[in-house]
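Heads up, the thing below is written out as structure tokens.
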Amino acid sequence: MISEMKVRFWLLDIGYTLISNNVPRLELWGIDESGRRVLILDEMFRPYFYVKLSEDANPEDVFLKLKNLSKLGSPILKVDVVKRKYFGREITVLRVVCRNPRSVPEYREDVLKIAGVEDFLEADIRYSMRYLIDHQLTPCGWHEVEAIERENSGNIKVDKVYEALRPPKPVEDTKIPDLKVMAFDIECYNPRGAPNPEKDPVIIISVVTNTGDKRQFLADDHNDKDMLKEFISYVQEFDPDIIVGYNSNRFDWPYLMERCKTLGIKLSVGRNFSEPHTSTYGHISVTGRANIDLLDYAEELYEVKVKTLENVAEYLGVMKKSERVIINKLEISKYWDDREKRKTLLEYAMADAVSTLGIAEEILSFVMQLSSIVGLPPDQVLSASVGFRVEWHLMRHAYLDGELAPNRVERKHVPYKGGLVLKPKMGIHENVIVYDFSALYPNIMINYNVSPDTYVPPEEVKEGEEYFVAPEVGHRFRKHPPGLYKKALKKLLEARKAIREEMKSLDPESPEYRILNSRQLAIKVIANATYGYAGWVGARWYIKPVAEATTAWGREIIRRTIKIAKDLGLEVIYGDTDSVFIKMDSKKAELFEQKVEQLFGLDIKPEKLYKRIFFTEAKKRYAGLLEDGRIDVVGLEVVRGDWSEIAREVQEKVLEIILKENSPVRAAEYVRDVISKLERREIPYEKLIIWKTLGKKLDEYKVEAAHVVAAKKLLETTGFLEVGGKIGFVVVKGGEKLAEKVMPYNMATYDDIDINYYVEKQIIPAALRILKAFGYDEKSLKTKKRQVSLFEFMKK
DNA sequence: GCCTTGAAGTTACCG
DNA sequence: ACCGGTAACTTCAAGGCG
């Protein structure tokens, strides 16, 4: 008996297949309210794109010619003349509906040859994304669909299969179903450095699940065929909703895929028993599951400088480095071949999988919220760059408005002015309050309706229309109606405000609170990135004046804010883009806040109070002591990943002594002490490593930079480069230029180290950055012993 | 030919 | 493959000097 029913489901993954006759069928993979895994099929939706006509074209003529393009097999099903908006203006376009999603790229080219056709639009939006947007479905959100149950032929790994009778509709609900998460990590035999899947077996696959399962699949010495099969069976048996790995999109999955191909094994881990495949934004897609690479998340953790799994796990409080085994990647083969050492290797491999699951448990909530706001499935949202995330978010708003998305075009990069930065008043200041505008750029875009579809170029200015006119640059924006950016941002900021309000009544330990907190953070990320998107030449909705006007208003606002403070007799010590640092004066503070808020209609908040704060003569570099005793360090070497740890540590300690004890003398003594310790080689070797990102291919560099030389040596001897493109090197004796004195850190010993370099180019500059303001110079920081020896050296 | 100087290349930070 | 503003270091080549 076939009966119609309503199914509520939470959307995890989406895909499509072509069934008979090139008809596409959407596959929505989800979880229903009872926790059943479900697949919903929808055969009703057809791909389409738009045709934009030239000014003088007759829609009917084009319409007829278009119909003639239709090819057998993958025909054009329908052409409609419809009204849409393009950059805020009404236009008439043709909507071309096809049968096969894959024929869209072909038809869009054919269409260009017709007279009267100016361009195609929205012809590069993937079919499944089109479906989500048009029906307002959100990944990681709940929906309801009227459907009939279909028989599961057994080759699909779900509890129920349904066929949709009508498109699903979104349902408001914030809860997250219980998801099965599997973390995995592979180790490969690598006797020659980088392993090669055509030769080198996978020796260990470690798996940890959020249901408490922990196991390892091991090769039989160098034969991995059986263990790979066992792993595949295990995945199907455990049947995870989410698979997480670390660097798995670029290493584990591609290696497994290649390896299985070599061995003639089908890596059928999908819910339809398909194999993983490379998909958009370089992620690996596993049908019916969300495969997430946690390294993509780690890339955005700027506090973690070297993004190894161990470092990220430690930073997130998942696993301390001191409490786990760490072995050198290059020695994996040795550990494997040695019966005793193999135990250690297994422990190491398991620690990796355990940390991977731990990281996932910390961040998945955020990933799911980001996914639902942006509208990209959870397996894509992290691998998509910030620009694309913002763009997908805007696409949803545009669709609701009938606004067509412009094509992606190549443009020349033309720079424009950004935020205003004040020169700081050098030295120590007491009781400094930092005010900043919350969400300055988003609010500017809202208040002045700054948007691609409200921008009016000078030649299009009309009498009687009302405009906001940007200071300095003079760009105009229509006051009405609200533009795309304004609508999108307003919704984000209002939602965030409401969420933060709701959070106040919840227990911070509760799951509800954590979900809401992730959501408000995800909203903040997208709102803050929208200005950056507006100034990105690669953006669909790029219009330079939009970005340029936003920063111009920003500069004007901050300038006038400074003036208000000064007029009230407040001392302004520093400011950067949306902040002002003011010498505290509680009598005038309230008046200041009132005046600013009244004048601009923006919130200005006292964000921080520094008991003591130190500024160098340079912008964007300072350190301040907060009331609770913590020290904020901004921009200085302490927070830079490309200085040795010893230099950073010395500077941090110097700042602490200066800010807490107010004693430059003691700080200088401390510096001399560290220098003499280093001369006695009492500083751990690890603290001498300097890490730098390898930003491009080795042969693209125009100068022989130190880390490039180190990278070349690394490549020659080991055959691979470290995770995240970071090269760790030390400076050794011999040679004139720095580039002649570098060695990958694991290819040198303490005896090779050029102590002098670390004293003069690392420790002293870092310390002097602070101590110079107190009258110290290079000589006064060196140990007595060194001054003499250096003097004698000069005499020779 | 040697030394000084400044431009260019490079990275990583701030908001 | 989000923006501009900024600091700081190293390399490299031009320019000055003799």
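Reminder, nothing fancy here: chain letters follow the sequence lines and each chain counts from 1. Quick note: numbers below take in every heavy atom, side chains included, and nothing from hydrogens, waters or symmetry partners. None of the values given here were measured: they were computed from a predicted structure.
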Exercise for review: Name the closest nucleotide to the A/V421 side chain, picking from B/dT11, C/dG5, C/dG4.
Suggested key: C/dG5
Practice item. May I ask you to check whether A/W553 and A/Y448 place their ring centres under 6.0 Å from each other? Key: yes
Review point. When all nucleic acid strands are considered with a 4.0 Å heavy-atom cut-off, which category describes A/R621: base, sugar-phosphate, or nothing?
Key: sugar-phosphate
Review point. Do we see a donor-acceptor contact under 3.5 Å between the side chains of A/H283 and A/N249?
Key: no
Check your understanding: Hey, is the side chain of A/T616 poking within less than 4.0 Å of OP1 or OP2 on C/dA7, counting only N and O atoms?
Key -> no
**Study point:** Short side-chain N/O contact from A/K726 to OP1 or OP2 of B/dA12, under 4.0 Å
**Key:** yes
Check your understanding: Across the strands shown, which category fits A/K423 at heavy-atom distances under 4.0 angstrom: base, sugar-phosphate, nothing?
Key -> nothing
Review point. Under 4.0 Å between a side-chain N/O of A/K692 and OP1 or OP2 of B/dT11, yes or no?
Key: no
Review point. Are any of A/T551's side-chain N or O atoms less than 4.0 Å away from OP1 or OP2 of C/dC3?
Key: no
Check your understanding: Roughly how many Å is it from CG in A/L422 to P in B/dG15, rounded to a whole number?
Key -> 12 Å
Review point. When we call it a touch if two heavy atoms are under 4.0 Å apart, what does A/V639 touch: a base, just sugar-phosphate, or nothing?
Key: sugar-phosphate
**Study point:** Nearest-nucleotide pick for A/V386, side chain only, options being C/dC2, C/dT11, B/dC14
**Key:** C/dC2
Review point. Salt bridge between A/R630 and A/E656, side-chain N to carboxylate O under 4.0 Å?
Key: no
Check your understanding: Whole Å only: how far is the NE2 atom of A/H283 from the P atom of C/dA1?
Key -> 16 Å
Check your understanding: Among C/dG5, B/dC14, B/dT11, which nucleotide sits nearest the side chain of A/V634?
Key -> B/dC14
Practice item. Establish, with yes or no, whether the OP1 or OP2 oxygen of B/dC13 is under 4.0 angstrom from a side-chain nitrogen or oxygen of A/K305. Key: yes
Study note, to complete from the structure: note: A/Y302, atom OH; B/dC14, atom C1'; distance rounded to Å ~ 9 Å
Exercise for review: Would you classify A/G419 as touching base, sugar-phosphate or nothing, given that sugar-phosphate means primed atoms plus P, OP1 and OP2, and contacts are heavy atoms under 4.0 Å?
Suggested key: sugar-phosphate
Point to revise | Euclidean distance, atom CD of residue A/Q762 to atom P of B/dT11 [Å, nearest integer] | key: 16 Å
Check your understanding: What nucleic acid atoms does A/K620 come within less than 4.0 Å of, heavy atoms only: base, sugar-phosphate, or nothing?
Key -> base
**Study point:** Member of A/L688, A/I646, A/I753 meeting the side-chain contact (heavy atoms from CB on, under 4.5 Å) criterion with A/L678
**Key:** A/L688
Review point. Atom CD of A/E704 to atom C1' of C/dA13: distance rounded to whole Å?
Key: 16 Å
Review point. Closest to the A/K737 side chain: B/dT10, C/dG4, C/dC12?
Key: C/dC12
Check your understanding: A/D576 has a side chain; which of C/dG4, B/dG15, C/dA1 sits nearest to it?
Key -> B/dG15
Review point. Contact class for A/Y441 vs. all strands (heavy atom < 4.0 Å): base, sugar-phosphate, or nothing?
Key: nothing
Exercise for review: Using a 4.0 Å heavy-atom cut-off across all strands, classify A/G418 as base, sugar-phosphate, or nothing.
Suggested key: sugar-phosphate
Point to revise | Per A/R640 side chain, nearest of listed nucleotides B/dG15, B/dT11, C/dG5 | key: B/dT11
Check your understanding: Choosing from B/dG15, C/dC12, C/dC2, which nucleotide comes nearest the side chain of A/D578?
Key -> B/dG15
Exercise for review: Using atom NE2 of A/H707 as one end and atom P of C/dT11 as the other, report the distance to the nearest whole Å.
Suggested key: 12 Å
Practice item. Kindly say if A/K696 contacts the phosphate of B/dT10, meaning a side-chain N or O under 4.0 Å from OP1 or OP2. Key: yes
**Study point:** Sugar-phosphate only, base, or nothing, as touched by A/A618 at under 4.0 Å among non-hydrogen atoms
**Key:** sugar-phosphate
Practice item. For A/R769, report the nucleic acid contact type (base, sugar-phosphate, nothing); a contact means any heavy atom under 4.0 Å. Key: sugar-phosphate
**Study point:** Sugar-phosphate, base or nothing in reach of A/Y622, heavy atoms under 4.0 Å
**Key:** sugar-phosphate
Check your understanding: Counting just side-chain N and O atoms, does A/Y701 come under 4.0 Å of either OP1 or OP2 of B/dA8?
Key -> no
Check your understanding: Heavy-atom count around A/K497 NZ within 6.0 Å, excluding the residue itself: above 12?
Key -> no
Point to revise | Touch class at under 4.0 angstrom, heavy-atom based, for A/K741 against every strand present | key: nothing
Check your understanding: Looking at the side chain of A/A739, which of B/dA12, C/dC2, C/dT11 is the nearest nucleotide?
Key -> C/dT11
Point to revise | A/K307 with A/E299: basic N within carboxylate O range, under 4.0 Å | key: no
Study note, to complete from the structure: salt bridge (Lys or Arg N to Asp or Glu O under 4.0 Å) test vs A/R540 passes for just one of A/E391, A/E122, A/E403, namely A/E391
Study note, to complete from the structure: Out of C/dT6, B/dA12, C/dC3, minimum distance to the side chain of A/W536 belongs to C/dC3
Point to revise | Distance in angstrom units between A/K772 NZ and C/dA8 P, rounded | key: 8 Å
Exercise for review: From the options B/dT11, C/dT6, C/dT11, select the nucleotide whose nearest atom is closest to the side chain of A/L738.
Suggested key: C/dT11
Point to revise | Nucleotide C/dA7, atom C1' - distance to CE of A/M426 in whole Å | key: 16 Å
Exercise for review: Report which part of the nucleic acid A/Y757 touches: base, sugar-phosphate, or nothing (heavy-atom distance under 4.0 Å, all strands).
Suggested key: sugar-phosphate
Review point. Is the ring centre of A/Y745 less than 6.0 Å from the ring centre of A/W691?
Key: yes
